[in-house]
Amino acid sequence: MSHNLYFFTREPRTIDQSLLIAWAGKFARLTTKLSNTGLQFAYRNPDTGVHFAFDFEPGAGDDGERASPDGSFRTGIVLSLTYGRPTYFAYESMPLVEDLAQGFDLLVLDAQAQNARPGLCNVDELIRSWRDNNQRAVRTMATQGLIDSFYYLPEAKADLFWAYRSQRAGYAKRLGNAVFVPEIFLFALEGRRECVTTVTWNGYFPMIFPRVDYLILVRRNRPWFGLAKTAEKVDYAPAARVLEQIAGALAPFDGADDLFILTPDQARRNAKTFRRIAGEPFAGAFSSVALDGFIDVDFLSESPPA
């Protein structure tokens, strides 16, 4: 099942294929390829896991059914966004819908809306429509046993996860090699279906600390006089507990209340405190969750979505 948006013109005209290709070229994450019926513009963001596609079928509607009841005309362009994805898939896709509609003076028809008609693009309304219909679709799939392999991350956490991963490359570019900007990874406690968010820290290096559930502590014990191999110990600890212990060494980053920075100077000053942080053995405690292996609709409870 997918969420489909169709594009229309106000008057009968053909969309120039070469101009569409040039439009797609503005976006580094859009790739153009031939399909059986025309072109496909596929979007994939490796940082966030978001993916979707615009399909362009130039001959669609040339059989006399091209005009809609209100007199607008089909272009053969459609956005397809598969259900069973986090809400933030719409955060990345709908601005491109708006850019396409404005660049080519197109109207947009939300096929999922009641009494749908082509109209001006409204990103906020399109995001709301996606969110509502995605929730209903997930609930339906859950009752049919079609998402047994999926995990759940609450929407507020998923939005933070997406926002951080979207901006991580920019943070890293600004800070250079002096401060580590970690990735947020998703895990599930063994036997559970709800995701937890984690970052990895080696226990002493300067780093950005986003709000997550757990810290994975990867620490190496160096032997005396090189008489034995370096041993690596991987523990985990609740992030709130660790951040409370090292709070005096942290400062808000970028004026945000969900990001903290451990500067090189503070890392040196607090090395002894860091060595006292205790954790639990990581091995066997968690299973890894892929970026496209979770949804932010609570399919685990019986209550309907808000």
Side-chain angles (χ1 to χ4, degrees), residues 46-50 83-89 134-135 138-139 141-166 168 180-205 207-221 231-247 250 257-260 262 274-306:
D47 295 329
T48 62
V50 172
Y83 288 132
R85 306 295 185 217
T87 302
Y88 61 71
F89 270 53
N134 185 52
Q135 286 185 338
V138 167
R139 289 282 177 165
M141 288 188 284
T143 60
Q144 297 174 355
L146 299 178
I147 52 174
D148 288 346
S149 63
F150 272 66
Y151 292 86
Y152 165 61
L153 184 68
E155 187 176 338
K157 282 188 179 181
D159 285 355
L160 283 174
F161 172 79
W162 171 79
Y164 177 80
R165 289 188 65 106
S166 296
R168 176 178 171 270
F180 178 51
V181 183
E183 287 191 59
I184 297 180
F185 294 103
L186 297 174
F187 288 90
L189 287 165
E190 201 60 41
R192 301 282 299 275
R193 298 287 296 280
E194 184 166 338
C195 295
V196 295
T197 52
T198 69
V199 293
T200 300
W201 183 42
N202 66 3
Y204 66 88
F205 198 80
M207 191 172 91
I208 293 291
F209 288 82
R211 288 198 182 275
V212 293
D213 297 310
Y214 292 95
L215 286 180
I216 301 173
L217 304 166
V218 182
R219 294 177 282 198
R220 290 179 172 84
N221 296 319
E232 184 176 83
K233 183 182 180 184
V234 182
D235 292 337
Y236 75 94
R241 191 184 79 198
V242 175
L243 295 185
E244 184 178 358
Q245 288 179 263
I246 66 174
L250 300 177
D257 59 2
D258 60 339
L259 291 175
F260 301 91
L262 174 65
F274 301 158
R275 283 196 290 268
R276 292 195 293 268
I277 296 172
E280 298 292 329
F282 180 76
F286 295 92
S287 53
S288 179
V289 178
L291 287 182
D292 59 353
F294 79 96
I295 45 186
D296 61 0
V297 179
D298 185 2
F299 64 96
L300 300 176
S301 70
E302 297 299 323
S303 59

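Any value given below was found using the heavy atoms of this structure, including those in side chains, with hydrogens, waters and symmetry copies removed.
The distance from atom CD of Q135 to atom CD1 of I295, rounded to the nearest 0.5 Å, is 10.5 Å. For the atom pair CG (L160) and OG1 (T197), the distance works out to 8.5 Å, reported to the nearest 0.5 Å. Separating the OH atom in Y204 from the CG atom in L262 is a distance of 12.5 Å, to the nearest 0.5 Å. Between the CZ atom of R85 and the CG atom of N134 there is a distance of 9.5 Å, given to the nearest 0.5 Å. The CD1 atom of I184 lies 8.5 Å from the OG1 atom of T198; values are rounded to the nearest 0.5 Å. Here the CE atom belonging to M207 is positioned 8.0 Å from the OG1 atom belonging to T200, to the nearest 0.5 angstrom.
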Determine, step by step, whether F209 and L259 satisfy the side chain to side chain contact (heavy atoms under 4.5 Å, CB included) criterion, reporting the C-alpha distance in whole Å, the side-chain angles of both residues, the deciding distance to 0.1 Å, and the verdict.
CA-CA 6 Å; F209 288 82; L259 291 175; over 6 Å; no

Go through the steps for I216 and V199 under the test side chain to side chain contact (heavy atoms under 4.5 Å, CB included), then give the verdict.
CA-CA 6 Å; I216 301 173; V199 293; over 6 Å; no

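Of the residues listed (F260, F274, F180), the one engaging W201 in a ring pair (Phe, Tyr, Trp, His ring centres under 6.0 Å) is F274, and it is the only one.
Within the 3.5 Å criterion, the main-chain N or O of D47 finds a donor-acceptor partner in the side chain of R165. In terms of modelled atom types and a separation under 3.5 Å, the side chain of R193 and the main chain of Y152 share no donor-acceptor contact. Using a distance-only test at 3.5 Å, with no hydrogens or angles considered, a donor-acceptor pair links the side chain of R139 to the main chain of D298. Looking only at distances, no side-chain donor or acceptor of D235 sits under 3.5 Å from a matching main-chain atom of A278. Not a single donor-acceptor pair under 3.5 Å links the side chain of N202 to the backbone N or O of R219. Remark: side-chain polar atoms of R168 are paired, donor with acceptor, to backbone N or O of V181 under 3.5 angstrom.
Residues L291 and F161 meet the side-chain proximity criterion, which asks for heavy atoms closer than 4.5 Å. Looking at heavy atoms from C-beta onward, V297 lies out of side-chain contact with T87 at the 4.5 angstrom threshold.
Nearest heavy atom pair, residue A285 against residue Y236, reads CB-CE2, 3.8 Å. The two residues V196 and D213 make their nearest non-hydrogen contact at CA-OD2, 3.3 Å. A237 and L217 make their closest contact through CB-CD1, 4.4 Å (heavy atoms, listed as atom of the first residue, atom of the second, distance). When all heavy atoms are compared, the tightest approach of Y151 to S287 is OH-OG, 3.9 Å. Considering every non-hydrogen atom in both T48 and S166, the closest pair reads CG2-OG, 3.4 Å. The two residues C195 and V289 make their nearest non-hydrogen contact at SG-CG1, 3.9 Å.
Around the CD atom of E190, the shell of radius 6.0 Å holds more than 12 heavy atoms that belong to other residues, nucleotides or ligands. Around atom CZ of R241, more than 12 heavy atoms belonging to other residues, nucleotides or ligands sit under 6.0 Å away.
Checked against a 6.0 Å centroid threshold, the rings of F187 and F282 count as neighbours.
Using the six-membered ring where Trp is involved, Y88 and F294 have ring planes that are tilted, between 30° and 60° apart.
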